[in-house]
Amino acid sequence: MINILKSFSEARFDQRGMMILWSEAGLFSIVFGIAYRSGLVSVILFSILFMLLRSPQRVIYAVFVLSFLWGMIFAALGYDGGGWIWALALGGFVFYKGVRIHFRELTLSWNDQIYTTKNAVTGRGNWYLGGQNLN
């Protein structure tokens with residue numbers, strides 16, 4: 001179990017995945033700033049997401065925060081449509097799907113040999129000649 005968590009924390013998003021997360025951070029900062037009619041809310045939310053997204057080890061937490069924000073938006077829509085039961089059901093479903101979608105992007109970049117930290121170090125070999133040829 002410890003090895004799974006350690007290798008999971010070493011995984012990285014590729015550029016496309018990080019671009020999606022940064023665009024979601026900007027989108028939520030603007031949307032929540034407009035919804036609460038406060039620039040302070042927008043700045044605080046963006047600074048929290050900025051702190052989570054700038055470090056590769058904290059990006060996993062940003063995935064949960066962004067999925068929670070998606071869940072909050074859809075829970076508000078579910079509450080307007082049918083009350084607390086629909087709000088919890090719809091918000092929980094969207095949160096779950098958001099985490100799965102972002103982790104699928106993490107898994108795709110994790111399976112690519114370029115973006116794993118272990119292969120980035122061992123595959124370098126002689127940096128001027130490429131990987132070592134052991135044949």
Side-chain angles (χ1 to χ4, degrees):
M1 182 70 171
I2 302 284
N3 290 334
I4 292 172
L5 292 176
K6 184 175 182 279
S7 64
F8 189 70
S9 66
E10 290 177 355
R12 303 288 185 260
F13 281 94
D14 57 353
Q15 282 185 335
R16 182 175 168 264
M18 285 303 292
M19 191 167 43
I20 290 171
L21 292 175
W22 277 108
S23 62
E24 284 184 23
L27 174 79
F28 280 123
S29 298
I30 292 169
V31 166
F32 279 91
I34 290 171
Y36 288 105
R37 294 182 181 98
S38 173
L40 184 62
V41 170
S42 180
V43 169
I44 289 173
L45 182 61
F46 188 75
S47 63
I48 290 170
L49 291 172
F50 177 78
M51 288 186 338
L52 290 174
L53 287 173
R54 76 178 170 155
S55 172
Q57 288 83 14
R58 294 183 191 151
V59 172
I60 303 299
Y61 303 118
V63 166
F64 286 109
V65 170
L66 290 169
S67 298
F68 176 75
L69 292 173
W70 278 114
M72 277 182 46
I73 289 174
F74 280 91
L77 294 174
Y79 182 73
D80 286 341
W84 285 106
I85 301 294
W86 287 107
L88 289 174
L90 189 60
F93 179 74
V94 170
F95 171 75
Y96 172 71
K97 292 307 268 183
V99 169
R100 287 207 42 190
I101 288 169
H102 286 301
F103 281 169
R104 182 179 60 209
E105 182 68 32
L106 176 68
T107 305
L108 290 175
S109 65
W110 196 357
N111 291 337
D112 191 359
Q113 297 299 318
I114 297 171
Y115 293 106
T116 58
T117 56
K118 291 178 183 173
N119 287 336
V121 173
T122 58
R124 215 176 295 150
N126 290 331
W127 60 272
Y128 55 89
L129 295 176
Q132 294 178 354
N133 188 359
L134 301 175
N135 291 333

Strictly under 6.0 Å, is that where the ring centroids of [X] and [Y] end up?
X	Y	answer
Phe32	Phe46	no
Trp84	Tyr79	yes
Phe74	Trp86	no

- Message: Applying ring-ring contact (aromatic ring centres under 6.0 Å, His included) to Tyr96 and Trp70, what does each step give before you reach the verdict?
- Response: CA-CA 10 Å; Tyr96 172 71; Trp70 278 114; over 10 Å; no
- Indicate yes or no: at least one non-hydrogen side-chain atom of Met72 is less than 4.5 angstrom from one of Val94.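 Side chain of Met72 against side chain of Val94, heavy atoms only: no contact under 4.5 Å found.
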- Message: Closer than 3.5 angstrom, by distance alone: can the side chain of Ser23 be matched with the main-chain N or O of Ile20 as a donor-acceptor pair?
- Response: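 Yes, because the side chain of Ser23 sits within donor-acceptor range (under 3.5 Å) of the backbone of Ile20.
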Does [X] share a hydrophobic cluster with [Y], counting links as ILVMFWY side-chain heavy atoms below 4.5 Å and allowing steps through other members?
X	Y	answer
Ile30	Leu45	no
Phe68	Leu27	yes
Phe50	Met19	no
Val65	Trp22	yes
Tyr36	Leu69	yes

What's the spacing between [X] [atom1] and [Y] [atom2] if we round to 0.5 Å?
X	Y	atom1	atom2	answer
Ile44	Ser38	CD1	OG	7.5 Å
Ile101	Leu66	CD1	CG	12.5 Å
Leu49	Leu21	CG	CG	9.5 Å

Looking at [X] and [Y], what are the two nearest heavy atoms and their distance?
X	Y	value
Ala62	Leu53	CB-CD2, 3.6 Å
Phe64	Phe95	O-CE1, 3.6 Å
His102	Glu24	CE1-OE2, 3.1 Å
Ser67	Gly98	OG-C, 3.2 Å
Ser42	Gly33	CB-CA, 3.8 Å

